[in-house]
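Scroll down for the structure; my scribbles are underneath it.
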Amino acid sequence: MHGKVIVMTGATSGIGEAAALALAAMGARLVLIARNPERGGATLERLERANPGAGHSVYHADLSLMAETRRAAAEIAEREPAIDVLANNAGALFLRRQVTAEGLERTFALNHMSYFGLTADLGHRLAPGARIVNTASAAHRGTRFSMENLQSERYRGLEVYGRSKLLNILFTRQAARVFEGTGVTVNCFHPGVVASRFFDDKPGGLGFFLRMVKPFAVSSRKGAETLVYLASSDAVRGVTGRYFARRRPAKITDEAANDDSARALWAESTRLYASA
Ligand SMILES: NC(=O)c1ccc[n+]([C@@H]2O[C@H](COP(=O)([O-])OP(=O)(O)OC[C@H]3O[C@@H](n4cnc5c(N)ncnc54)[C@H](OP(=O)(O)O)[C@@H]3O)[C@@H](O)[C@H]2O)c1
């Protein structure tokens, strides 16, 4: 990965930070998009120790807001003419329905629309043979796609989160088609159940359940292995449109394999991103 440029979201914590540190240690230069300047600065220091003098950088944005996503992408596009890996990884579980200042349901905005917006706005800066890696989840299982319910008017936190991860797979498969013939590959993965901040600070019964589960979850470093693999391994050169778990292609549900849904999601995301 020496000399490779990796743009990554959600790298101030958990799976993203572990992946960023591993890739930096392999020689890559990391370009982070972080929401919290303090955590962004702390991760930057760790990256500097992992790969000193590489010139890692951090841009700031709340990725649940499309205006901030677009601004960060524009700043990066101006300074980075050849991006080798775009890792869309920032995501969260929200137990209550919230609507952003731009009118988007927050899980949909952060977990799906930021992936879409960064890919759309940085696509022209991807180097030949670049890789897009999207963090999805096995939580997509059991959820259904509905164009009428993208903004989850009826809200159940875990279900809405799972559906956002279904969107990550649909988005990955459609993006692979869009980039076909360009040499750019697009894949996604399930990291496992990972003991990150994802489990923290959730109220009520579900919060209690998540805190009980956390001690049995794998480390962030383990959870990052498939991201690092998809970003760096020769074994997946040219492989595109696939969903991985434990560094191997894994099965997706019929819902996630539906090409009509993927195309409809892409068209609606294009419209929403343009109007946000
Ligand atoms: N943990 C699991 O078991 C698990 C399983 C399957 C999939 N995943 C997925 O893995 C990805 C990473 O999660 P994690 O487990 O590593 O959780 P985490 O430790 O909570 O990390 C989440 C990262 O996303 C960033 N982020 C959250 N909201 C943001 C916003 N509005 N704008 C910009 N950045 C934002 C956080 O930044 P701050 O530092 O500012 O909070 C942090 O860097 C997510 O997509 C998640 O859905 C996790």
Side-chain angles (χ1 to χ4, degrees), residues 7-22 30 32-44 46-47 58-73 87-94 98 100-102 104-118 133-141 143 157-158 160-169 171-172 188-202 209-228 230 243-246 250:
V7 175
M8 191 180 295
T9 69
T12 52
S13 175
I15 297 158
E17 185 177 61
L21 290 172
L30 269 293
L32 310 185
I33 307 179
R35 163 179 61 170
N36 180 310
E38 251 173 56
R39 271 202 283 273
T43 302
L44 209 54
R46 288 183 201 118
L47 287 169
V58 60
Y59 296 77
H60 295 109
D62 177 344
L63 293 168
S64 65
L65 294 171
M66 297 308 105
E68 294 202 18
T69 301
R70 187 177 284 118
R71 177 189 43 73
N88 290 306
N89 168 74
L93 160 68
F94 302 108
Q98 299 165 49
T100 68
E102 297 170 333
L104 295 176
E105 186 279 312
R106 198 169 168 201
T107 315
F108 174 74
L110 174 65
N111 292 12
H112 165 65
M113 285 301 295
S114 76
Y115 287 26
F116 179 86
L118 290 176
V133 183
N134 300 316
T135 305
S137 171
H140 77 279
R141 297 191 184 284
T143 64
L158 271 185
V160 172
Y161 171 75
R163 190 161 51 239
S164 74
K165 296 288 132 181
L166 172 68
L167 301 189
N168 292 159
I169 302 174
F171 163 69
T172 296
C188 63
F189 72 100
H190 169 57
V193 179
V194 181
S196 65
R197 281 199 295 123
F198 183 87
F199 285 86
D200 301 346
D201 305 324
K202 304 285 188 297
F209 171 74
L210 291 172
R211 285 192 291 282
M212 290 295 104
V213 169
K214 190 171 178 179
F216 301 98
V218 302
S219 68
S220 291
R221 189 186 293 188
K222 186 91 191 145
E225 283 178 357
T226 306
L227 201 175
V228 172
L230 290 173
Y243 169 80
F244 286 76
R246 298 182 180 189

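Note that ligands are numbered from 1 as they come in the structure, with each ligand's atoms numbered from 1 the same way.
- Looking only at protein heavy atoms, the nearest one to atom 48 (C) of ligand 1 is I15 CD1, 3.6 Å.
- Among A139, A109, A136, A11, the residue whose heavy atom sits closest to atom 7 (C) of ligand 1 is A136.
- Both the backbone and the side chain of A90 come within 4.0 Å of ligand 1, judged by heavy-atom distances.
- In this structure, A61 counts as a contact residue of ligand 1, since one of its heavy atoms falls inside 4.0 Å of the ligand.
- Atoms of ligand 1 lying under 4.0 Å from any heavy atom of S137, numbered from 1 in the order shown and given with element: 6 (C), 7 (C).
- Within the listing of ligand 1, atoms 30 (C), 31 (N), 32 (N) sit less than 4.0 angstrom from a heavy atom of D62.
- Listed by number with element, the atoms of ligand 1 under 4.0 angstrom from any heavy atom of V193 are 3 (O).
- Some N or O of N89 is nearer than 3.5 Å to an N or O of ligand 1, by distance alone.
- Atom 3 (O) of ligand 1 has its closest protein heavy atom at V194 N, 2.8 Å.
- Side chain of Y115 to backbone of T135: a donor-acceptor contact under 3.5 angstrom is found.
- With hydrogens and angles disregarded, a donor-acceptor distance shorter than 3.5 Å links the side chain of R71 to the backbone of H60.
- Here the heavy atom of the protein found nearest to atom 10 (O) of ligand 1 is T135 CG2, 3.3 Å.
- Ligand 1 places these atoms under 4.0 Å from at least one heavy atom of G14: 16 (O), 19 (O).
- Atoms of ligand 1 found under 4.0 Å from any heavy atom of F198, numbered from 1 in the order shown, are 1 (N), 15 (O), 17 (O), 18 (P), 19 (O), 20 (O).
- Under the side-chain hydrogen bond (donor to acceptor under 3.5 Å, both in side chains) rule, N88 has a single partner from N134, N111, N168, which is N134.
- Protein heavy atom nearest atom 5 (C) of ligand 1, with residue, atom name and distance: G192 O, 3.2 Å.
- Of all non-hydrogen atoms in A92 and T107, the two that sit nearest each other are O-CG2, 4.2 Å.
- In plain terms, the two heavy atoms of A34 and T12 that are nearest each other are CB-CG2, 3.6 Å.
- Of the protein's non-hydrogen atoms, S196 OG, 2.5 Å is the one closest to atom 15 (O) of ligand 1.
- Contacts between K165 and ligand 1, counted as non-hydrogen atom pairs separated by less than 4.0 Å, involve the side chain only.
- Looking at ligand 1, you won't find any N or O of H190 less than 3.5 Å from one of its N or O atoms.
- By the criterion of a heavy-atom distance under 4.0 Å, the side chain of Y115, and not its backbone, is placed next to ligand 1.
- Residues I33 and A61 come closest through the heavy atom pair CG2-CB, 3.9 Å.
- Pairing each heavy atom of A224 with each of A19, the nearest pair is CB-N, 3.5 Å.
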message: Could you go through F199 and V193, starting from their C-alpha distance and side-chain angles, then the distance that decides it, and tell me whether this counts as side chain to side chain contact (heavy atoms under 4.5 Å, CB included)?
response: CA-CA 10 Å; F199 285 86; V193 179; 3.6 Å; yes
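- Of the candidates V213, T12, L110, T12 brings a heavy atom nearest to atom 42 (C) of ligand 1.
- Residue contacts with ligand 1 for R197 involve both N, CA, C or O and side-chain atoms from C-beta outward (heavy atoms, distance under 4.0 Å).
- Of the protein's non-hydrogen atoms, Y161 OH, 2.6 Å is the one closest to atom 47 (O) of ligand 1.
- Within ligand 1, counting atoms from 1 as listed, the ones closer than 4.0 Å to a heavy atom of N36 are 40 (O).
- The main-chain N or O of K202 is found under 3.5 Å from a side-chain atom of R211 such that the two form a donor-acceptor pair.
- Between Y243 and F189, the shortest heavy-atom distance links the atoms CE1-C, 4.1 Å.
- At the top of the distance list for atom 27 (C) of ligand 1, counting protein heavy atoms only, stands R35 NH2, 3.5 Å.
- The backbone N or O of N89 lies less than 3.5 Å from a partner atom in the side chain of T9, making a donor-acceptor pair.
- Atoms of ligand 1 lying under 4.0 Å from at least one heavy atom of P191, given by number and element, are 5 (C), 6 (C), 7 (C), 8 (N).
- With K214 contributing its side chain and R197 its backbone, the two residues share no donor-acceptor pair below 3.5 Å.
- A195 and A217 get closest at one heavy-atom pair: N-CB, 3.4 Å.
- In terms of protein heavy-atom proximity, atom 19 (O) of ligand 1 is nearest to S13 OG, 2.6 Å.
- Checked by atom type and distance alone, the side chain of Q98 never pairs as donor or acceptor with a backbone atom of R106 at under 3.5 Å.
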